[in-house]
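Report on one structure; see the data block that follows.
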Amino acid sequence: MPIYEYRCIECQHIFDSFQRVGEDGTNLNCPACGAAKPEKIFSAFASGGSGGSASVSSGSSGGSCGTSGFG
C-alpha cells in the first residue's frame with residue numbers, strides 16, 4: 001500500500017497515512033487535533049539506494065538497453 005502525506009486544514013499538522021490506491025482521505029482525521037478531511041499534499045518520491053544521487057550515464061560503457069554487444 002502506498003503512503004500518502006496529508007496536512008490538517010485546522011492546525012496545519014502534516015502526517016502520513018497508508019491507503020489503497022484511489023482512496024481520497026475523506027475518512028481521515030488529524031492525529032493532532034482530530035479535525036476531519038485533511039488535504040492531500042504532494043510529497044517527494046523516495047527510493048531505497050546507497051544514499052548517493054542517481055545519475056544517468058550516456059555512452060556505451062554501461063549495461064543499458066542496446067549496448068550488450070549483440071548484432
Side-chain angles (χ1 to χ4, degrees):
M1 277 197 280
I3 301 172
Y4 292 101
E5 208 168 19
Y6 286 88
R7 179 184 7 240
C8 177
I9 297 171
E10 298 294 321
C11 72
Q12 304 302 309
H13 178 72
I14 295 174
F15 61 97
D16 299 330
S17 176
F18 285 104
Q19 291 186 318
R20 290 190 168 122
V21 174
E23 286 186 307
D24 60 1
T26 56
N27 60 342
L28 292 177
N29 291 330
C30 174
C33 73
K37 298 182 181 177
E39 65 178 344
K40 188 182 285 189
I41 59 175
F42 179 78
S43 57
F45 177 80
S47 64
S50 63
S53 62
S55 63
V56 177
S57 175
S58 61
S60 61
S61 63
S64 63
C65 183
T67 62
S68 62
F70 291 109

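- A search for side chain to side chain contact (heavy atoms under 4.5 Å, CB included) contacts involving Gln12 returns Arg7, not counting sequence neighbours.
- Remark: Lys37 engages no residue in a side chain to side chain contact (heavy atoms under 4.5 Å, CB included) (not counting sequence neighbours).
- Counting Ile, Leu, Val, Met, Phe, Trp and Tyr side chains that sit under 4.5 Å apart, directly or through other members, Ile9 stands alone, with no cluster partners.
- Through direct or relayed side-chain contacts under 4.5 Å between Ile, Leu, Val, Met, Phe, Trp and Tyr, Phe18 connects to Ile3.
- In plain terms, the two heavy atoms of Ala35 and Cys8 that are nearest each other are CB-SG, 3.8 Å.
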Listed pairs under 3.5 Å, donor-acceptor, residues 24-32 side chains, sequence neighbours left out:
residue : atom : partner : partner atom : Å
Asp24   : OD1  : Thr26   : N            : 3.2
Asp24   : OD1  : Thr26   : OG1          : 3.1

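- Checked against side-chain hydrogen bond (donor to acceptor under 3.5 Å, both in side chains), Tyr6 has the following partners two or more places apart in sequence or in another chain: Gln19.
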